[in-house]
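Single-structure report; data block below.
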Amino acid sequence: MTAVPLPRQPSQPPDRNSVSDVTPVLALKELVARLSREQHKIQDLLSSLGFALRSFNNLNQFLELIPLMVSRVTDADGGALIMFRPNGQVKLERLHCQDNHWGQEIRKALEAATKQITASFAGLPPAEGLTKSPQAIAKLDHQVSRFLGSDIQIFGTAILVRNIERGRLYVFSRDPDYGWTETRQKLVRLVADQTAVAIENDELTVELRKKERLDRELEIGADIQLRLLPRHCPKIEGVELAALCKTANRVGGDYYDFIPADYGQIRKPDSDNESGRWSLTIGDVMGKGVPAGLIMTMTRGMLRAEVLNGHSPARILQHLNQVMYADLENSNRFVTLFYSEYDPKTRILSYSNAAHNPPLLWQASTDTIERLDTLGMLIGLDAETEYQDAQVQLSPGDTIIYYTDGFTDAANQYGRRFDEENLTKAFRLACRNYDDPQMILKYLFECVQKFIGVDKHNADDMTLVVMRLSRES
């Protein structure tokens, strides 16, 4: 009777007496079956990781799966995820073992290893510790292997987020014949890469939420600031007004205001009393953004309260400076401010300047331009600063522009500033050609925009107020 050879089992040595033309076929079938199993593992792994990345909004839920998944696809006994914290600590984040009792021993060993590594880097800044030193990573691998024991087969790989090592993924087995094949190593690295993607996605989501909150706060701040600026120009006997503020950011530091100088006008703001005195003021907080906007708001409130005292412009600026000095000194910010009061009955403009850009007065009768200026320091620079009063008699057709340094400091692509000389020329030309203050305002803004480039955005806030005396008055 002819003996039929039995199929060779993987754990048995090859039968040297087998028929030579059968053994290669069986070996090939076994190899194909093994490759098929490995392929199915990889497909299942990719499918599971993809589902988890799409479905889990909580990073902790995703990390919980990592040791379990990596141990299953590599036929290992367990897996561990060790993370590097921003404060320099090394912590066992997640652990999975098929044998729960043995898992307790593994947990104690890994926690002891991470504590020792953390202690060894206690004196170094976090950025100079584990995330930067290859020697430190090798030391961690050595400590993990030492605490687990020489009878444990272990393999570890990096979790890289934006080219910075943020942790290590370890897989281990108690089987003495367990080998770290190239396929198993690739699978571990694949899981580590997906873990890094999940961590980066979570951090980007957190950053996006912070940005959304900040954007919302900026929107609220910009809305509040817009509501604090005058909604429309007041009706003043014999005067036409136009005003516009363009902020470089959503919240700016420029300020302008029209304030009734009579308490009765404040009590009845919609009355037809156009002949009362009005305060016209413009200011600029050093800096931009939310801090400047907050100081601008504070300046507006204090100035409006001070106007009711009925003092001269210089005395009003002096009191405002004394009240705001402590707050501005602590914030390391200062305010430039030009304050003026106009009396429609006399056509006299009284004013005082706290280091702001002097308004320009175009006198219609002579076609000349005069700077309205007085000596005085910035608000908040010196508590004992004294300011000066000045007056100018206005005539029909005269025009004044109040502006902030966003106009004169506007720069073109070559770095040249628009400066006061160009503003003066443009202002004179506008006054010759336009009677409507709104047209003068529009023309001056267009001049600056053309100077810096039609597709450019000015780096500073720009505010302009145009005051023109009617010719028929």
Problem set entry | Step-by-step side chain to side chain contact (heavy atoms under 4.5 Å, CB included) determination, Phe62 to Arg94 | CA-CA 11 Å; Phe62 183 85; Arg94 295 290 187 274; over 6 Å; no

Exercise. Which residue pairs satisfy the salt bridge (Lys or Arg N to Asp or Glu O under 4.0 Å) criterion with at least one member in residues 400-412, sequence neighbours excluded?
Worked result: Asp409-Arg417

For this session: Please determine, by modelled atom types, if Thr404 and Asp254 share a side-chain donor-acceptor pair under 3.5 angstrom.
Result: yes

Problem set entry | Short side-chain donor-acceptor distance under 3.5 Å, Thr368 and Gln363 |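 Result is yes, a qualifying pair exists.
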
Exercise. Of all residues at least two apart in sequence or in a different chain, which pass the salt bridge (Lys or Arg N to Asp or Glu O under 4.0 Å) check with Glu200?
Worked result: Arg162

Problem set entry | Sequence-distant partners of Lys186, salt bridge (Lys or Arg N to Asp or Glu O under 4.0 Å), two or more places apart | Glu182

For this session: Kindly give the heavy-atom pair with the smallest separation between Leu469 and Met467, and that separation in Å.
Result: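 Heavy atoms only, the tightest pair is CD1-CE, 4.1 Å.
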
Exercise. What are the two closest heavy atoms between Val307 and Ser279, and how far apart are they?
Worked result: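 Here Val307 and Ser279 meet closest at CG1-OG, 3.8 Å.
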
Does the side chain of [X] reach to within under 4.5 Å of the side chain of [Y], using non-hydrogen atoms?
{"X": "Tyr443", "Y": "Tyr434", "result": "yes"}
{"X": "Phe155", "Y": "Arg189", "result": "yes"}
{"X": "Ile400", "Y": "Leu394", "result": "yes"}

Problem set entry | Point-to-point distance, once rounded to the nearest 0.5 Å, from CG of Leu229 to CE of Met296 |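 Between Leu229 CG and Met296 CE, I get 5.0 Å after rounding to 0.5 Å.
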
Seminar exercise, completed: Distance col, row Trp278:CH2 vs Ser340:OG, nearest 0.5 angstrom, shows 12.5 Å

Exercise. In this structure, which one of Lys210, Arg209, Arg166 forms a salt bridge (charged side-chain N to carboxylate O under 4.0 Å, His left out) with Glu203?
Worked result: Arg166

For this session: Begin from the C-alpha positions of Phe84 and Gln89 and carry the test side chain to side chain contact (heavy atoms under 4.5 Å, CB included) through to its verdict.
Result: CA-CA 6 Å; Phe84 308 150; Gln89 288 186 340; over 6 Å; no

